[in-house]
Student: 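Quick one: the structure is below, questions incoming.
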Amino acid sequence: MKKRLPFFVGLAFAAVIFVLMMAFEQPLLFRAQELSLWLPTKVWFAERMSYPAGMLTYIATFLTQFLHYPWLGGLLLVFMLLMVYQLTLRIFSLSKHYAVAGLLPAALLVGCTFVVGYYIFQIKTQGYMFSAVTGFLFTLCAVRLWQVCKPAVLRWLWLAVLFAAGYPLFGFYALLAGLVVAILAVGRRDWISIALCVAGIVAAPWAYYYCYTACRFPRMWTAGCPAFEYIKRDLLFWAPYLLLYLTPVAFAVWSLLRRDEPKQKAVCWTNAVVGVVAVLCATLFWYKDYNFHTELKMEAAMGEMQYKKVLALAKQEKKEPTRLMVMSKNLALLRLGRGGDEMYKFLDGGAKPKTPIDVRMMQVGGKMLYYNYARLNFCYRWCLEDGVEYGWKVEYLKYMAKVSILNGEYEVATKFLNTLDKTFFQHKWVERYRRYVQNPALIATDKEFAAVKEFYCFEDQLDGDNSLVEIYLLNYFAHSFGAESTPRFDEMGLMCALTLKDIPTFWQNFFRYANSHKTDRMPIHFQEAALLFGNLEPGKVDISKMPFEKSVQMKFQAFMEYAKKHAVGENAEKDPKVKQLFFERFGDTYFYFYFFIRDVKSY
């Protein structure tokens, strides 16, 4: 039973991690492959190899594309973690007594993989989800190969190869392998191996610096490490990596100090303590934020035109949502024709993304919003800019292909489609959109394109948005007037006017909406706003003959009486008790939004 203990420990660990990934991280796993790209071309390979640790990047991006099916990519990741676990046991002789303690590197790798959170949209490490585990696996394989090489001359030759060839291929992880080998070599009194390792760690990055023109000298020693910034803000992201890099060094030192057969009590305590540390490392560094995961789910649902799923996710929200969640919810309502009746029946607000980095809505969901609201040049522009800044992604190429099709630029669209067709899992998507290039007449029959074209009413000029997606869209729709607007555009304009809370802008959009929806019933929230603004500025617009529904009038009267009863002042929204009282009775009305949802900052 003791001999099989490592097998059962590893299997249990793998099962738990896989179940957790499938339960909580499927949206992140899928989005990670959308934010990556691997191409089987010489140019792509040569570009990766033009940087130190180029093979690490190439392998990591290759593996990341399997996350297109989260279960498949998840199985690959778990299998690699098991390999790390087994190699850790063998290299540091932990199998017999310390099977649980050997989980520490694998647990830290889980923390390294899922600590990323919103940084997934900014980090320049390509194939991030597989980068750390691939690099660390190389480190362990290199150390194990040194251990099994006999005679000694083969070990020395292997070390020469490790630094001469391993460094340009795997960067820092080759140097880490050299450090671990140097410590283990002390136990063998292999002074030549120690000398080769010290020389390689110092000289390899120095020598190869003259071969790479795109890497600064200090970064040569950290090539292959995640591209976090070396500042206090990013310390949280670096923490699991620093612990990971220290773990094999600590195990190597520990293996030198262990001499006698350990006592059973000491073994139990060691496994217990290290096991608890492993669990804490995996759970504490694992990024857990409901809003972040909801944003990922909403964008995936919008991509599949599953608008009811977006609303179901918004309805589940129990805390203040981010502005991206609010905008995604409003877009789904608009597509279902329910915006004017339901946009304030969900939680509203402007929770900041829970991350120390300065993340912008543009990076998380701005391209999706611009595309769906027919601001096609903005969508294309930001895909292009972010592609240059952060590297090309599947997501960017998809949007650029769709924008090119809608703009009638079929040769350009073909270029993007051909590029995507070289990947493993995008063939079905490519074939779906290639037919519109081959037969443009089919574009008019596509539901997705038809929904976008409903907002394509004015010339798609590329003016300034300062990367503030929401502010730009609010002002664009609320202040764009002309003879070419559609009923859907008018509805969006009025919804934006309600959000802006500008009374003259509201009336302009209100009458435009009324003219284009003459036979339709006026939605509840539009009635609420008209009744409120008509009373706030009496005489400017005559609302006496407007056919307000009785329920709207009663709700407004109740709201005003409740405000007098509780002596609501100018800064009532800052009093949480008063705010909660009004939310319980009027949280589903525009009246509550107008008076109590204040100082919301977009990003």
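Atom set for the values below is all heavy atoms of this structure, side chains included, hydrogens, waters and symmetry mates excluded. If you're wondering where the values come from, they're calculated on a predicted model, not measured in any experiment.
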Student: Would a line drawn from the ring center of Phe66 to the ring center of Phe425 be shorter than 6.0 Å?
Tutor: yes
Student: Do you know the tightest heavy-atom contact between Val249 and Val180?
Tutor: N-CG2, 4.4 Å
Student: A cation-pi test, strictly: NZ or CZ of Arg219 under 6.0 Å from the centre of the six-membered ring of Trp221 and no more than 45 degrees from its axis. Yes or no?
Tutor: no
Student: Applying side-chain contact (heavy atoms from CB on, under 4.5 Å), run through Thr57 and Tyr51 and close with a yes or a no.
Tutor: CA-CA 9 Å; Thr57 301; Tyr51 294 87; over 6 Å; no
Student: For Ser467 and Arg360, work out which heavy atoms get closest and say how close.
Tutor: OG-NH1, 2.9 Å
Student: Tell me every residue that passes side-chain contact (heavy atoms from CB on, under 4.5 Å) with Leu82, counting only those two or more places apart in sequence or in another chain.
Tutor: Ala14
Student: Determine whether Arg90 and Gln147 satisfy the following criterion, side-chain hydrogen bond (donor to acceptor under 3.5 Å, both in side chains), listing intermediate values before the conclusion.
Tutor: CA-CA 10 Å; Arg90 290 179 179 274; Gln147 285 182 323; over 6 Å; no
Student: By the side-chain hydrogen bond (donor to acceptor under 3.5 Å, both in side chains) test, which pairs, at least two apart or in different chains, include something from residues 59-80?
Tutor: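 Output for this query is empty, none listed.
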Student: Can you run down the salt bridge (charged side-chain N to carboxylate O under 4.0 Å, His left out) pairs that involve residues 105-124, sequence neighbours left out, and say none if there aren't any?
Tutor: Lys124-Glu389
Student: If the condition is ring-ring contact (aromatic ring centres under 6.0 Å, His included), which residues does Phe92 pass it with, not counting sequence neighbours?
Tutor: Phe251
Student: Using salt bridge (charged side-chain N to carboxylate O under 4.0 Å, His left out), reason through Lys393 and Asp386 one step at a time and then give a plain yes or no.
Tutor: CA-CA 9 Å; Lys393 323 282 188 185; Asp386 284 356; over 6 Å; no
Student: May I ask you to decide if the ring planes of Trp238 and Tyr230 are parallel, tilted or perpendicular, using 30° and 60° as cut-offs?
Tutor: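 The arrangement is parallel - the two ring planes meet at less than 30°.
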Student: Only counting residues at least two apart or in another chain, list the ones meeting salt bridge (Lys or Arg N to Asp or Glu O under 4.0 Å) with Lys415.
Tutor: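 With sequence neighbours excluded, Lys415 shows a salt bridge (Lys or Arg N to Asp or Glu O under 4.0 Å) to no residue whatsoever.
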Student: What are the two closest heavy atoms between Met21 and Gly74, and how far apart are they?
Tutor: CE-O, 3.6 Å
Student: Taking the inter-plane angle between the rings of Trp206 and Phe217 on a 0 to 90° scale, is it parallel (under 30°), tilted (30 to 60°) or perpendicular (over 60°)?
Tutor: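 Judged by the thresholds at 30° and 60°, the geometry between Trp206 and Phe217 is perpendicular.
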Student: Determine, for Glu448 against Arg432, whether the closest basic-nitrogen to carboxylate-oxygen distance falls under 4.0 angstrom.
Tutor: yes
Student: Given the rule in the ring-ring contact (aromatic ring centres under 6.0 Å, His included) test, do Trp254 and Tyr98 qualify, once you have shown the distances and angles that lead to the verdict?
Tutor: CA-CA 12 Å; Trp254 187 30; Tyr98 301 104; 4.8 Å; yes
Student: Could you list all the salt bridge (charged side-chain N to carboxylate O under 4.0 Å, His left out) pairs where at least one residue sits in residues 138-165, not counting sequence neighbours?
Tutor: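 Residue pairs passing salt bridge (charged side-chain N to carboxylate O under 4.0 Å, His left out), neighbours aside: Arg155-Asp190.
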Student: Establish, from distance only, whether the side-chain atoms of Glu295 and Ser328 form a donor-acceptor pair under 3.5 Å.
Tutor: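 Result is no, nothing qualifies.
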Student: Nearest 0.5 angstrom please: Leu108 CG to Leu81 CG, how far?
Tutor: 11.0 Å
Student: Is the distance between the ring centroids of Phe378 and Trp382 less than 6.0 Å?
Tutor: no
Student: Any chance you could measure Gln86, atom CD, to Ile91, atom CD1, to the nearest 0.5 Å?
Tutor: 11.5 Å
Student: Looking at residues at least two apart in the chain, or sitting in another chain, which of them share a side-chain contact (heavy atoms from CB on, under 4.5 Å) with Val186?
Tutor: Ile194, Leu256
Student: Tell me whether Arg381 is salt-bridged to Glu385, with the criterion being a basic N under 4.0 Å from an acidic carboxylate O.
Tutor: yes
Student: For Lys297, check salt bridge (Lys or Arg N to Asp or Glu O under 4.0 Å) against everything at least two apart and list the hits.
Tutor: none
Student: If you draw a 6.0 Å radius around CZ in Phe79, do more than 12 non-hydrogen atoms from other residues or ligands fall strictly inside?
Tutor: no
Student: Assess the pair Phe45 and Tyr58: is the distance between their ring centroids shorter than 6.0 Å?
Tutor: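 Yes - the distance between ring centres of Phe45 and Tyr58 falls below the 6.0 Å cut-off.
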Student: Regarding Arg434 and Asp421, does a basic nitrogen lie under 4.0 Å from an acidic carboxylate oxygen?
Tutor: yes
Student: Looking at Tyr241, I want to see if its OH is surrounded by more than 12 non-hydrogen atoms of other residues, nucleotides or ligands under 6.0 Å.
Tutor: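 Enclosed.
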Student: Can you see which heavy atom on Val403 is nearest to which on Tyr371, and at what distance?
Tutor: CG2-CD1, 4.3 Å
Student: Among side-chain atoms of Tyr119 and Asp234, is any donor-acceptor pair under 3.5 angstrom?
Tutor: yes
Student: What heavy-atom pair brings Pro105 and Phe136 nearest, and what distance separates the two atoms?
Tutor: CB-CE2, 3.8 Å
Student: Over all heavy atoms of both residues, which pair between Trp392 and Leu384 is shortest? Give the atoms and the distance, please.
Tutor: CH2-CD1, 3.6 Å
Student: Listed by chain and number, what are the side-chain contact (heavy atoms from CB on, under 4.5 Å) partners of Val9, not counting sequence neighbours?
Tutor: Leu5, Tyr85, Ala99, Val100, Leu103
Student: Please, which pairs that meet side-chain hydrogen bond (donor to acceptor under 3.5 Å, both in side chains) have at least one residue in residues 163-181, sequence neighbours excluded?
Tutor: Tyr173-Tyr245
Student: If we only count heavy atoms from C-beta on, is the Met22 to Val19 side-chain gap below 4.5 Å?
Tutor: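 SC-SC contact between Met22 and Val19 ruled out.
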Student: Atom CZ in Phe228, atom CD1 in Ile357: separation rounded to 0.5 Å?
Tutor: 9.0 Å
Student: Is a side-chain donor-acceptor pair under 3.5 Å present for Gln363 with Tyr118?
Tutor: no
Student: Checking Leu169 now: which residues fulfil side-chain contact (heavy atoms from CB on, under 4.5 Å) with it, not counting sequence neighbours?
Tutor: Met49, Met55
Student: Verify the distance criterion only: is there a donor paired with an acceptor across the side chains of Ser193 and Trp146 at less than 3.5 Å?
Tutor: yes
Student: For residues 275-288, which residue pairs qualify under side-chain hydrogen bond (donor to acceptor under 3.5 Å, both in side chains), counting only residues two or more places apart or in two chains?
Tutor: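 Only Glu25-Trp286 qualify under side-chain hydrogen bond (donor to acceptor under 3.5 Å, both in side chains).
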